[in-house]
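Data block below; observations after.
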Amino acid sequence: MIKRNNNKNIIKRLVKGNIAYDRKKIMLTLITVIIAVTLITIVLMAPLSQKKEQFNLAKKIPQIELNIIDQSLISNLRKDADIEKAFSFVSLDDYKNSDKLNIKITYVDDPKFFDRIEGNMPKKERDIVIDENSIRLLNQEIAIGSELILNLGDGKKTYTITGIGYRNTNTNNIMVYCSEQYLNTHEDRIKFYSTWIYLKDVKNKTKSDVEEISKKLQEKYNISSNNIAVDDMYFTYASQNINLNKIFEYFLIGLVVLAAASLVIYNIYYISISSNIKSYGQLRAIGMSSKQVKKMVLEEGKLVAIFSSLLGTLLGIIIGYFMRPDGWDIKNAIISFIIGIIFGLLMVMFSIRKPAKIASSISPIEAVSYTGYKLDGGIAHTRAQTITPFYLAILNLKRNFKKTVITILSLSLSGILLLTTYSFKGSISPEQMARTSEFKYGEYKVKFEGDVSNLKGMDSIVNSYKIGVLQAQNNKLSSHLKRDIESIKGVKNIKEWNATKCQFEFEEHNVKDGNIIWGYSKDELDLLNQALIQGTSDYDELGRENGIIVNVGENVFEEVFKFTPEIGDKIKISFWNNVGAPISETFTIMGITDGVDGFDDLFRIPIEKLENITGYNTAYEWEIVTDSNFKEDIEKQLNQLVSNDNELSIERLEDYVAELNQQYNSTVFAIIVFVLFLGFFSLINLTNVIIINHLTRIKETGILMAAGLTKKQLVKSRIFENEITIIISLIASAILSIPIGYLVNNTIRIVGAIDGYKFPIIEYIVISVVMIILGILPEIILNQVTSQKNVVDYLRI
């Protein structure tokens with residue numbers, strides 16, 4: 001036995017020698033581990049970065065809002081010990097430029113609104129600050145002091161850029177910040193105004209703490225309780241956690257990556273050990289124990305795992321940063337780094353345990369005759385059989401049945417995932433989803449936005465019912481406008497949607513909040529019943545019994561309000577009514593829906609009930625059903641009717657479809673990249689199996705050649721063996737991917753994204769051709785490498 005006091009040093013030297021000698025094995029292992037760890041690190045970074053993004057978004061939301069703007073009061077608030085910053089925020093009506101990009105015009109009175117600002121705040125009427133993210137949308141050379149021609153809704157004019165604001169928010173809108181002088185000139189276009197208050201050390205404060213500070217500010221600065229409110233949205237974003245479904249999804253992804261990569265690493269080391277059994281036998285012959293041999297293999301794997309895991313985690317963190325730069329956080333990066341390294345180490349050590357055990361179990365005498373090749377049970381021969389290349393291939397597949405099954409499973413898994421993804425991509429229909437949700441009937445939507453400047457000077461109670469108050473004052477979705485639209489040539493019909501703002505309270509759960517409440521008509525019952533999971537949607541019954549339908553889709557109640565409503569629960573709802581005051585009624589939950597069925601919000605009641613309570617026209621948006629042959633004329637006349645009224649907005653089906661298409665293409669592309677990575681593992685595994693078969697059958701090849709088989713026949717038999725494995729995998733992938741794809745597509749169909757199941761026939765043919773070629777190519781290369789060897793050369797090995 002090798003002396004114990006030299007044991008560690010000798011093993012270290014042997015490990016270094018093995019690494020230097022077997023560079024191909026090391027390189028393959030490095031690549032496999034780096035890819036696997038990179039994928040896992042990205043998967044880890046995604047939810048952590050998403051959480052950080054949500055928190056960053058929460059930091060942009062004020063904790064307290066005043067519905068008044070008083071510069072003297074704001075000045076005092078800025079000096080308050082509890083307040084980090086306070087400023088006026090005024091939003092003017094939006095405008096779409098010639099590129100159909102939305103220009104948002106805002107006034108703020110303090111540069112602290114931005115994370116940082118280069119240059120100065122605007123002072124003159126034609127001065128503006130441009131948001132840094134908007135520069136790419138404008139596609140122009142922009143610098144501080146340069147001039148920019150913009151149409152902000154009052155004709156094309158030249159504006160001077162006095163500053164560039166950085167606010168670290170992603171938006172597809174052009175954000176323009178105007179001067180106070182511009183604001184005063186365009187007071188009639190004000191949509192929203194408020195004083196935003198941000199508190200110090202808010203991340204360590206609860207909602208109760210903020211409410212206490214709000215009360216203290218009321219008393220200290222003589223602010224009416226009607227004019228101050230805590231913004232619940234901050235706590236909604238700041239406290240939002242990753243749900244269990246997401247955690248389970250990430251766990252499954254990690255499990256798949258672990259299985260695929262472990263199989264590849266196992267085969268790489270199995271090849272190496274099978275090729276070097278004589279070397280291990282020699283080490284045993286000079287006194288190395290089986291434990292020391294095993295330790296040597298494990299030490300080598302540990303070194304490779306540490307180096308490749310370091311590279312993989314660093315690469316994953318870099319990719320994770322570019323995928324979600326707004327969610328980057330050093331703490332999250334460190335967590336991902338540590339878990340990624342642990343994953344890489346465990347994966348490699350788990351994968352090489354079996355090969356290390358094989359190496360350590362071979363005695364010096366067994367090493368002389370070891371082939372690394374054994375039968376999984378005997379093969380009974382009842383009669384003489386002509387040895388053909390095809391028959392020989394069948395025999396070889398049977399002789400190591402476990403390895404054959406593992407290889408088929410590995411290839412089939414990647415094939416199933418790839419075909420399912422492509423079937424999803426081919427079956428997905430953004431237009432179908434648009435038709436299921438936002439545009440069920442028409443091609444255009446006219447929406448009542450209202451003019452928030454009409455609420456100026458009113459208290460916070462009025463502001464909490466904004467759209468309801470504005471509907472009661474003057475709902476521009478009038479019968480007169482409806483007649484004008486219906487008179488446009490090509491307009492077939494107008495589908496009316498009714499909704500208003502309400503305040504709701506679940507007294508038993510101590511929950512209060514505001515939301516849009518929708519009315520539904522009898523002709524929508526079929527649609528509503530598709531989403532109904534409990535109770536009833538009977539129009540007349542709900543009208544008589546003061547019933548309400550609650551939507552629990554997307555886990556809003558569970559995640560935001562920390563409870564799940566049930567049939568029979570009571571809910572108090574307050575509406576703004578036509579006499580200019582809130583009115584409350586208690587409703588009973590009689591129906592519960594789960595899914596996107598055209599209503600994005602939480603509540604719905606019969607339209608007649610809604611309008612009887614409010615006493616005014618609750619029309620919220622109209623869908624305009626049109627004849628596509630008159631598209632240009634319809635769009636032109638609609639714009640003429642709507643664009644001059646800042647209380648109305650118009651949306652197009654094709655714009656919404658384009659936005660959805662972009663979202664889904666990005667998601668599907670990410671899935672395909674991930675599956676291709678897994679496919680790469682499977683291809684490495686297939687190549688390794690081919691090489692294993694070649695290395696472990698060297699003597700057998702010599703014997704068969706001595707018995708009369710030509711090298712050409714042997715190559716044919718190995719190609720048949722590979723192709724049988726590949727064809728079985730392809731057939732299994734196709735058969736299994738159909739029900740799996742159908743199940744996935746029908747699950748997604750709930751949200752209307754899928755237009756029926758479609759098998760990806762073209763992609764399947766391409767995958768099949770590539771796989772069949774890969775089954776032939778390595779054998780041709782190996783045959784060329786060994787072409788100079790004769791029977792004697794094979795028998796000597």
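Note that this is a predicted model, so its numbers are computed, not measured.
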Between Y620 and F448, does the side chain to side chain contact (heavy atoms under 4.5 Å, CB included) criterion hold? Intermediate values first, please. CA-CA 6 Å; Y620 188 63; F448 177 62; 5.7 Å; no
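Between C502 atom SG and I571 atom CD1 the span is 7.0 Å, to the nearest 0.5 Å. Rounding to the nearest 0.5 Å gives a distance of 10.0 Å between CG of D569 and OG1 of T564. To the nearest 0.5 Å, the span separating CG on L528 from CD1 on I549 amounts to 4.0 Å. For the atom pair N498 CG and E621 CD, the distance stands at 10.0 Å (nearest 0.5 Å). Annotation: the span from S584 atom OG to F504 atom CZ amounts to 13.5 Å, rounded to 0.5 Å.
The closest side-chain heavy-atom distance from E443 to I634 is not below 4.5 Å. Taking the side chain as every heavy atom from C-beta outward, F603 and V550 approach each other to under 4.5 Å. Contact check for I548 versus I517: side-chain heavy atoms found under the 4.5 Å cut-off. Put simply, the side chain of D633 does not reach to within 4.5 Å of the side chain of I488, judged on heavy atoms. A 4.5 Å side-chain heavy-atom check between V552 and I533 finds at least one atom pair inside the cut-off. Side-chain contact between N577 and I613: absent, with no pair of heavy atoms (C-beta onward) separated by less than 4.5 Å. Looking at L542 and I605, their side chains never come closer than 4.5 Å, going by heavy atoms from C-beta outward. At least one side-chain heavy atom of I516 sits under 4.5 Å from a side-chain heavy atom of K501.
Residues forming a side chain to side chain contact (heavy atoms under 4.5 Å, CB included) with N578 (at least two apart in sequence, or on another chain): Y616. Applying the side chain to side chain donor-acceptor pair (under 3.5 Å) criterion to T588, with sequence neighbours excluded, gives K570. Partners of D526 under the salt bridge (Lys or Arg N to Asp or Glu O under 4.0 Å) rule, at least two apart in sequence or in another chain, do not exist in this structure. Residues forming a ring-ring contact (aromatic ring centres under 6.0 Å, His included) with F575 (at least two apart in sequence, or on another chain): none. Under the ring-ring contact (aromatic ring centres under 6.0 Å, His included) criterion, F506 pairs with F557, F563, not counting sequence neighbours. When the ring-ring contact (aromatic ring centres under 6.0 Å, His included) test is applied to W576, the partners found at least two apart in sequence or on another chain are Y465.
Y107 has its ring centre no less than 6.0 Å from the ring centre of Y193. Taking the six-membered ring for Trp and the full ring otherwise, the centers of Y177 and F113 sit less than 6.0 Å from each other.
Using a distance-only test at 3.5 Å, with no hydrogens or angles considered, no donor-acceptor pair links the side chain of E132 to the main chain of R167. The main-chain N or O of K495 is never found under 3.5 Å from a side-chain atom of K440 such that the two would form a donor-acceptor pair.
No hydrogens or angles considered: nothing links the side chains of D127 and S179 as a donor-acceptor pair under 3.5 Å.
Using a 30° and 60° split on the angle between ring planes, Y159 and Y182 fall in the perpendicular class, above 60°.
Look at D540 and K522 and you find a salt bridge, because one of the NZ, NE, NH1 or NH2 atoms lies within 4.0 Å of a carboxylate O, short of that distance.
The 12-atom threshold is exceeded at CD of Q181, counting heavy atoms of other residues, nucleotides or ligands nearer than 6.0 Å. The environment of NZ in K157 is crowded: more than 12 heavy-atom neighbours from other residues, nucleotides or ligands sit within 6.0 Å. Around CD of E449, the count of heavy atoms belonging to other residues, nucleotides or ligands within 6.0 Å exceeds 12.
A pairwise comparison of heavy atoms in A434 and Y656 identifies CB-CD2, 3.6 Å as the closest pair.
E647 pairs in a salt bridge (Lys or Arg N to Asp or Glu O under 4.0 Å) with only one of the listed residues (K476, R189, K447), which is K476.
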